[in-house]
Amino acid sequence: MIRFIFTGKVADEAVNAYYRAAHIFLSASEHEGFGMPLIEAMALDIPVIALASSAVPETMGQGGLLVYDWNSAQVAELMQLMLNDTQLKERTLAAQRLNLNRFSVREAAIRMKAAVRYLQNGKKEAMLQLMTPVLY
């Protein structure tokens, strides 16, 4: 049986406790910005299932599972599958770990240097480096 906890606003001190207790991170937000909670859940090795809206697909990259047409019954089935299918869960977590590399300090430094080079001399190569994620 799947149990949901609707918390409302959560104090910063309590957020980590909720993450530690989670088996799945489900995001049904239709108006998500960058999606930092998605990244936080990925970093804590929690499988992420999210509605493919706003910037969510870009944040998720190839990690996590995206839902394009929200149907509560189907999402519940997907959650149940994630909980019971060890291979699906492991593949999802592996993809999320790989996706997190796009947000590393190293990747940010590479992109910042490319942006500065572009602003200094407008080189096409610098712009391409900005647009291409580094995979480790």
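- Every residue was checked against the salt bridge (charged side-chain N to carboxylate O under 4.0 Å, His left out) condition with Asp69, not counting sequence neighbours, and none meets it.
- In the hydrophobic cluster analysis, where Ile, Leu, Val, Met, Phe, Trp and Tyr join through side-chain heavy atoms closer than 4.5 angstrom, Leu100 is grouped apart from Val105.
- Cluster membership for Leu93 and Met60, using ILVMFWY side-chain heavy atoms within less than 4.5 angstrom, is not shared.
- Side-chain atoms of Thr7 do not come within 3.5 Å of backbone N or O of Val10 as any donor-acceptor pair.
- Every residue was checked against the side-chain hydrogen bond (donor to acceptor under 3.5 Å, both in side chains) condition with Tyr18, not counting sequence neighbours, and none meets it.
- Across all non-hydrogen atoms, the minimal contact from Pro47 to His23 is CD-O, 3.3 Å.
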Using the side-chain contact (heavy atoms from CB on, under 4.5 Å) rule, take Ile46 and Met42 through it: C-alpha gap first, then chi angles, then the decisive distance, then the call. CA-CA 6 Å; Ile46 303 165; Met42 287 183 189; over 6 Å; no

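- Looking at Asn84, its side chain does come within 3.5 Å of a backbone N or O of Gln80 through a donor-acceptor pair.
- Put simply, the side chain of Leu26 reaches to within 4.5 Å of the side chain of Met79, judged on heavy atoms.
- Counting non-hydrogen atoms of other residues, nucleotides and ligands closer than 6.0 Å to CD of Gln87 gives a total of 12 or fewer.
- Considering only residues two or more places apart in sequence or on other chains, Arg91 meets the side-chain hydrogen bond (donor to acceptor under 3.5 Å, both in side chains) condition with none of them.
- In this structure, Ala50 and Val56 approach most closely via the heavy-atom pair CB-CG1, 3.8 Å.
- In this structure the side chain of Ile49 never reaches within 4.5 angstrom of the side chain of Ser27, judged on heavy atoms.
- Put simply, NZ on Lys89 and CG on Leu81 are 12.5 Å apart, with the number rounded to the nearest 0.5 Å.
- Every residue two or more places apart in sequence or in another chain that forms a side chain to side chain contact (heavy atoms under 4.5 Å, CB included) with Leu51 is listed here: Glu30, Ser53, Trp70.
- The side chain to side chain contact (heavy atoms under 4.5 Å, CB included) test with Thr92 is passed by exactly one of Leu65, Val48, Ile24: Leu65.
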Stepwise, does the side-chain contact (heavy atoms from CB on, under 4.5 Å) test hold for Asn99 with Arg102? CA-CA 6 Å; Asn99 183 54; Arg102 295 186 309 133; 2.7 Å; yes

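- Scored by the side-chain hydrogen bond (donor to acceptor under 3.5 Å, both in side chains) test, Asp45 finds Arg97 as partners (sequence neighbours excluded).
- Here the closest heavy-atom approach between residue Phe25 and residue Leu38 is recorded as CE2-CD2, 3.8 Å.
- Residues Gln74 and Leu78 fail the side-chain proximity criterion, which asks for heavy atoms closer than 4.5 Å.
- Taking Glu40 as the reference, Tyr19, Met36, Pro37 meet the side chain to side chain contact (heavy atoms under 4.5 Å, CB included) condition, with sequence neighbours excluded.
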